[in-house]
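Take a look at the structure set out below.
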There are 2 protein chains.
Amino acid sequence: MHETNISEATLSELSGKLRAAGLRTTKQRLALADLLFSGGNRHITAEILHAEARANGLAVSQATIYNTLNQFHEAGLLREVIVEQGRSYFDTNLSDHHHFYIESESRLIDIDNQDIAISDLPQTPAGFEPAGVDVIIRLRHK
Amino acid sequence: MHETNISEATLSELSGKLRAAGLRTTKQRLALADLLFSGGNRHITAEILHAEARANGLAVSQATIYNTLNQFHEAGLLREVIVEQGRSYFDTNLSDHHHFYIESESRLIDIDNQDIAISDLPQTPAGFEPAGVDVIIRLRHK
DNA sequence: AGGTAATTTAGAATTATTCTAAATAAATTA
DNA sequence: TAATTTATTTAGAATAATTCTAAATTACCT
Ligand SMILES: [Mn+2]
Ligand SMILES: [Mn+2]
Ligand SMILES: [Zn+2]
Ligand SMILES: [Zn+2]
C-alpha cells in the first residue's frame, strides 16, 4: 500500500511527466498531477484543486497549489484560460480548442477546433506574431 | 470659465449620456466621461483612468473611478474586456469587434468585425443562449 | 549515508477591487 | 429659494486571489 491511492501504472506515467518537465517527483506533485491528469480533461481553479486535494487526504499548502499550477503551466502541461476577472482557470486539454463560458455557474465547456471556423484572420500588426487565439462564447440561461 | 475645461457642446452631449443612463451629472462623472468618450475609442484600466484624471487636475477618489466604470459598464456605455488575470480593461468601442492583445505592452488593438469571420459556430448547450463572443488574438514580438 | 539543491510551507505581503459609513452635492418639493 | 430627499463621493477598511519570504523538509546524486 502507498501513501496515496494512485495505481502503480499511473504513478510511473505521472512520474515520467514530471521528469520530462524537469520537476522532481514529490508526493504533492504526484497527487496533484493525479487529480489533474488521471481522469478526463478538466478546467480547474487553484481553490477547487486545493479543496479536492484536501478531500483526498493530501496535506498540501495553498502556496504549493499555486506553485504547482504555475510550474505545470510553464512546462506546457496546463493551459491557462482567462474568462473572469480575478481568478484563473487551468485547462488540462492541450488540444487546439475554444470555450463556452457559463458565467452564472463559473463553468467552462470545450469547443472542439473542428466545431468552429475562424477565417479571414486580420493582418497581424508589424513586428508581432500570433501566440494564440482564444474564442470565448459567453452563455446565459435562456 | 468652467471648473473643468470641457467645451459647452461636449458638456451637454455628455450630460445627455449620463441622464440617459439614469445617472446624475456630477463634476466627477462629467470629467471622467470626457476623458473616456471625447477622443477616439479607448481601452482603459481603472488605474490609467485615475492617473489621467489626476493629471487633468480632477480630484477624484479611487472608489469613484471604480464606481463610475462599473456604472458606465452596467449602463452599456462601456464594454469590459478580460484578457489578463487580475485587472479589467474597459472599452469605449461598443461596436461588434474583437481584439489583438500584446501582453508585453498590456495593450489591446481592435479587430473590426468585418476583418474576421467566425463561422460554423457550434451548437449552444441546451437551456443557454450566447451572450457574447470574444475573440482574443494574443501577440508576441517576432 | 552525506551533501546539495529543490521543494514545501506558514504566514506576511501585494494588488486589484469592493465595501462601509459619514460628508457632500444634486434633484425635487414646498 | 429654502427645505427635504436621495444619490454621489470619499477615506479608509475589508476582501479575494495570488505571490513572496525565509525557514524546515525532502529528493536526488555521489
Ligand atoms: Mn502561470
Ligand atoms: Mn462591471
Ligand atoms: Zn478547455
Ligand atoms: Zn476594443
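Values below: every heavy atom of this structure, side chains too, minus hydrogens, waters and symmetry copies.
Note: CD (A:Glu47) to P (D:dA16) measures 10 Å, nearest angstrom. Nucleotide D:dA11 holds its C1' atom 12 Å from the CZ atom of B:Arg54, rounded to whole Å. One atom, NZ of A:Lys27, and another, P of D:dA27, lie 9 Å apart when rounded to the nearest Å. One interatomic measurement links the two molecules: CD1 of A:Ile48 to C1' of D:dA16, which rounds to 15 Å at whole-angstrom precision. Separating the CD atom of A:Gln62 from the P atom of D:dT21 is a distance of 17 Å, rounded to the nearest angstrom. Atoms CG (A:Leu18) and P (C:dT7) sit 10 Å apart, rounded to a whole Å. Atom CD of A:Gln28 and atom C1' of C:dT9 are 9 Å apart (whole Å). Atoms NE2 (A:His50) and P (C:dT8) sit 13 Å apart, rounded to a whole Å.
In this structure, B:His97 and B:His43 have tilted ring planes: the angle between them lies in the 30° to 60° band. Between A:His141 and B:Phe128, the ring-plane angle classifies as tilted under the 30° and 60° cut-offs.
Using modelled atom types, one side-chain atom of B:Tyr89 and one backbone atom of B:Ser106 make a donor-acceptor pair closer than 3.5 Å. With hydrogens and angles disregarded, no donor-acceptor distance shorter than 3.5 Å links the side chain of B:Asp115 to the backbone of B:Ile111. A distance-only check finds no donor-acceptor pair linking the side chain of A:Asp110 to the backbone of A:Asp112 [under 3.5 Å]. Checking side-chain atoms of A:Arg140 against main-chain N and O of B:Glu129 turns up no donor-acceptor pair under 3.5 Å. Counting only distance, with no hydrogens or angles, the side chain of B:Arg29 and the backbone of B:Arg24 share a donor-acceptor pair below 3.5 Å. Remark: the backbone N or O of A:Asn93 is paired with a side-chain donor or acceptor of A:Asp91 at under 3.5 angstrom.
The phosphate of C:dA6 has neither OP1 nor OP2 within less than 4.0 Å of any side-chain N or O from A:Thr26. Taking only side-chain nitrogens and oxygens, B:Thr25 never comes nearer than 4.0 Å to OP1 or OP2 of D:dA7. Residue A:Arg29 has a polar side-chain atom (N or O) positioned under 4.0 Å from OP1 or OP2 of C:dT8. Proximity of B:Tyr66 to the phosphate of C:dT17: a side-chain N or O atom is located under 4.0 Å from OP1 or OP2.
Looking at which nucleotide of DNA chain C each of B:Asn67 and B:Arg19 is closest to, the 5′-most match is held by B:Asn67. The 5' end of DNA chain C is approached more closely, in terms of each residue's nearest nucleotide, by A:Ile65 than by the other of B:Arg24 and A:Ile65.
In this structure, the separation between CG on A:Leu94 and CZ on A:Arg79 is 8.5 Å, given to the nearest 0.5 Å.
The side chain of A:Leu23 lies closest to C:dT7 when the candidates are C:dT7, D:dT10, C:dA10. When distances run from any side-chain atom of B:Ala63 to the nucleotides D:dT10, C:dG11, D:dT26, the shortest one goes to D:dT10.
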**Request:** Give the intermediate values and the outcome of side chain to side chain contact (heavy atoms under 4.5 Å, CB included) for residues B:His50 and B:Leu69.
**Result:** CA-CA 11 Å; B:His50 197 192; B:Leu69 286 172; over 6 Å; no
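Counting non-hydrogen atoms under 4.0 angstrom, A:Thr45 reaches nothing in the nucleic acid. Among the heavy atoms of the strands lying under 4.0 Å from A:Thr64 is at least one base atom, whether or not backbone atoms are also near.
Heavy-atom distances under 4.0 Å link DNA chain D to B:Gln85 of residues 68-91 of chain B, given in residue order.
Direction of the helix axis in the helix from C:dA1-D:dT30 to C:dA30-D:dT1 shifts by 30° between the two five-pair termini, rounded to 10°.
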